[in-house]
Amino acid sequence: MDAAAAGTATQTCYRHPNRATGVSCSNCARPICPDCMTPTSVGMRCPECAKQKTKVRTARTLQKDPRVTVGIIIVCVVLALGGGSLGFGGGGGGRLTADFALWGPGVADGEYWRLITGGFLHAGLLHILFNMYLLWILGQMLETTLGSGRFAALYVTALLWGSFGALLLTPDAHTVGASGAVFGLMGAAAVELRARGINPFQTDIGMLIIFNLGLSFVLSGISIGGHIGGLIGGALAGVALGYADRHRSRVLGYAACGALMVVAVIGSIVAASGSGFGA
C-alpha cells in the first residue's frame with residue numbers, strides 16, 4: 001500500500017509548528033500532522049496539494065482504474081435483473097436465491113459455491129443500491145492504491161469471511177448481499193489509515209463503520225455475523241497486504257490472503273455442519 005514519505009520524529013507540521021510528526025505530504029514533502037492529512041490514491045497530501053485538480057500518475061498508479069470494482073457491480077446488477085429482485089421490498093426470492101444464496105444446510109451438503117455466490121445476490125432495489133454505492137466509493141479508493149489483482153484478493157477474502165461469520169450465527173438462514181465484502185473493504189481502509197498514523201475513527205471511514213454496524217443491530221433481516229465477519233476478514237487481509245508491502249513481496253500478500261480464505265472456507269463448512277452459534 002502506498003504511504004506518504006516518512007520524516008524524522010523531530011519534524012513539526014508546517015501548519016502547526018507545535019505538533020511533531022513523522023509523515024510528509026506525498027506531493028510536496030512538507031511535514032504534516034493528522035489534522036492536515038488528506039488520504040489520496042497516491043498517499044497523504046497536505047491541504048494545498050489535496051486541492052490540486054491535476055491527478056499525479058506514477059508508474060505504480062498507471063493502468064489501475066477500478067476495473068474489478070466495476071466488474072463486481074456489473075455482475076451484481078445483471079444477477080439482480082435476471083433474478084427479478086429489483087423491487088423496493090425485500091423480495092429476493094426465486095430460483096437464483098434458492099440455488100445460490102448462502103445457506104448452511106446446502107453448504108453442509110457440498111454446495112460450496114454458495115460461500116461465494118451469495119455475495120453477488122441481493123434482496124431488493126434498496127439493498128443493491130446501498131451496497132453498490134459503498135462498493136463504488138471504497139473500491140475506487142482501494143483498487144487504485146492496491147492494484148486490481150490485490151484488490152480482488154482482498155475482496156474475495158472479505159467475502160468468504162463474511163460468509164463464515166453469517167454461518168456462525170445464522171447457519172439456517174438464506175443470506176444474500178455484498179455487505180460482508182463491503183464491510184471488509186471498510187476494515188482494510190481503516191488498517192491503511194492506521195498504518196499512515198491516522199486514527200480511522202476520526203475520519204469518514206471510521207464513522208462509516210460505526211454507522212453501518214449500528215444499523216446491523218437496529219434493522220431486522222440484517223446478517224450481523226456477515227458484517228462482523230467481513231470486517232474482520234478485510235482488516236486481516238489489509239494487515240497482510242501492508243506487511244507484504246513493507247517487505248517488498250507481493251507474493252507474500254497473495255499467500256497470506258490465500259491462507260485467510262482457506263481458514264474462512266474451513267470454518268464455514270464446520271459452522272454449516274451444525275456447530276454455528278445460531279444452530
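Looking only at side-chain heavy atoms (C-beta outward), His122 and Asn131 come within less than 4.5 Å of each other. With a 4.5 Å cut-off on side-chain heavy atoms, Tyr254 and Leu241 do not count as touching. The shortest distance between side-chain heavy atoms of Met37 and Thr21 falls below 4.5 Å. Two residues are said to be in side-chain contact when any heavy atoms from C-beta on lie closer than 4.5 Å; Thr12 and Pro31 fail this criterion. Contact annotation: the side chain of Val156 approaches that of Ile116 to within less than 4.5 Å [non-hydrogen atoms, C-beta and beyond]. Contact annotation: the side chain of Tyr155 approaches that of Leu135 to within less than 4.5 Å [non-hydrogen atoms, C-beta and beyond]. The shortest distance between side-chain heavy atoms of Met141 and Glu192 does not fall below 4.5 Å. Counting heavy atoms from C-beta on, the side chains of Leu138 and Met186 come closer than 4.5 Å.
Within 6.0 Å of CG in Asp99 there are more than 12 heavy atoms belonging to other residues, nucleotides or ligands.
Between the side chains of His16 and Asp35, no donor-acceptor pair of N or O atoms lies under 3.5 Å. One side chain, Glu143 or Ser148, offers a donor N or O that lies under 3.5 Å from an acceptor on the other.
Applying the salt bridge (charged side-chain N to carboxylate O under 4.0 Å, His left out) test to residues at least two apart or on different chains, the pairs with a partner in residues 111-124 are Glu111-Arg114.
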Contacts under 3.5 angstrom, residues 70-78 side chains, donor-acceptor by atom type, not counting sequence neighbours:
none

I'd like a table of donor-acceptor pairs (distance under 3.5 Å, sequence neighbours excluded) in which one partner is a side-chain atom from residues 257-269, with atom names and distances.
residue	atom	partner	partner atom	Å
Ser268	OG	Phe164	N	3.4
Ser268	OG	Ala264	O	2.7

Just list the side-chain donor-acceptor pairs under 3.5 Å for residues 222-239, sequence neighbours left out, or say none.
residue	atom	partner	partner atom	Å
Ser223	OG	Gly226	N	3.0
His227	ND1	Ser216	OG	2.5
His227	NE2	Ser179	OG	2.9

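In terms of modelled atom types and a separation under 3.5 Å, the side chain of Thr117 and the main chain of Phe100 share a donor-acceptor contact. Of the possible polar contacts, none joining the Thr170 side chain to the Ala173 backbone as a donor-acceptor pair under 3.5 Å is found.
The hydrophobic clustering, which links ILVMFWY residues whose side-chain heavy atoms are closer than 4.5 Å, places Ile128 and Leu215 apart. Criterion: ILVMFWY side-chain heavy atoms under 4.5 Å apart, direct or through other members. Under it, Leu219 and Leu126 are not part of a common hydrophobic cluster. At a threshold of 4.5 Å between side-chain heavy atoms, the hydrophobic network of Ile, Leu, Val, Met, Phe, Trp and Tyr places Trp113 and Leu79 in one connected group. Hydrophobic clustering of Ile, Leu, Val, Met, Phe, Trp and Tyr side chains at less than 4.5 Å, counting indirect connections, keeps Leu252 apart from Leu146. Connection of Val218 to Leu208 is not established within any shared hydrophobic cluster, with ILVMFWY side chains joined at heavy-atom distances below 4.5 Å, either directly or through further cluster members.
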Working for side chain to side chain contact (heavy atoms under 4.5 Å, CB included), residues Arg30 and Glu48: CA-CA 11 Å; Arg30 290 181 293 184; Glu48 287 80 6; 3.7 Å; yes
Worked verdict on Cys49 versus Cys25 for side chain to side chain contact (heavy atoms under 4.5 Å, CB included): CA-CA 8 Å; Cys49 293; Cys25 173; 3.8 Å; yes
Side chain to side chain contact (heavy atoms under 4.5 Å, CB included) assessment of Leu193 paired with Thr203: CA-CA 9 Å; Leu193 289 172; Thr203 69; 3.5 Å; yes
Phe130 and Asn212: CA distance, side-chain angles, deciding distance, side chain to side chain contact (heavy atoms under 4.5 Å, CB included) verdict: CA-CA 11 Å; Phe130 188 68; Asn212 283 281; 3.2 Å; yes
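To the nearest 0.5 Å, atoms CZ (Arg19) and CD1 (Ile32) are separated by 12.5 Å. Interatomic distance, OG1 of Thr69 versus CH2 of Trp136, reported as 7.0 Å (0.5 Å rounding). In this structure, the separation between OH on Tyr14 and SG on Cys33 is 9.5 Å, given to the nearest 0.5 Å.
Remark: Tyr243 pairs with His247 by the ring pair (Phe, Tyr, Trp, His ring centres under 6.0 Å) rule, at least two apart or across chains. By the side chain to side chain contact (heavy atoms under 4.5 Å, CB included) test, Phe201 pairs with Asn199, Ile210, sequence neighbours left out.
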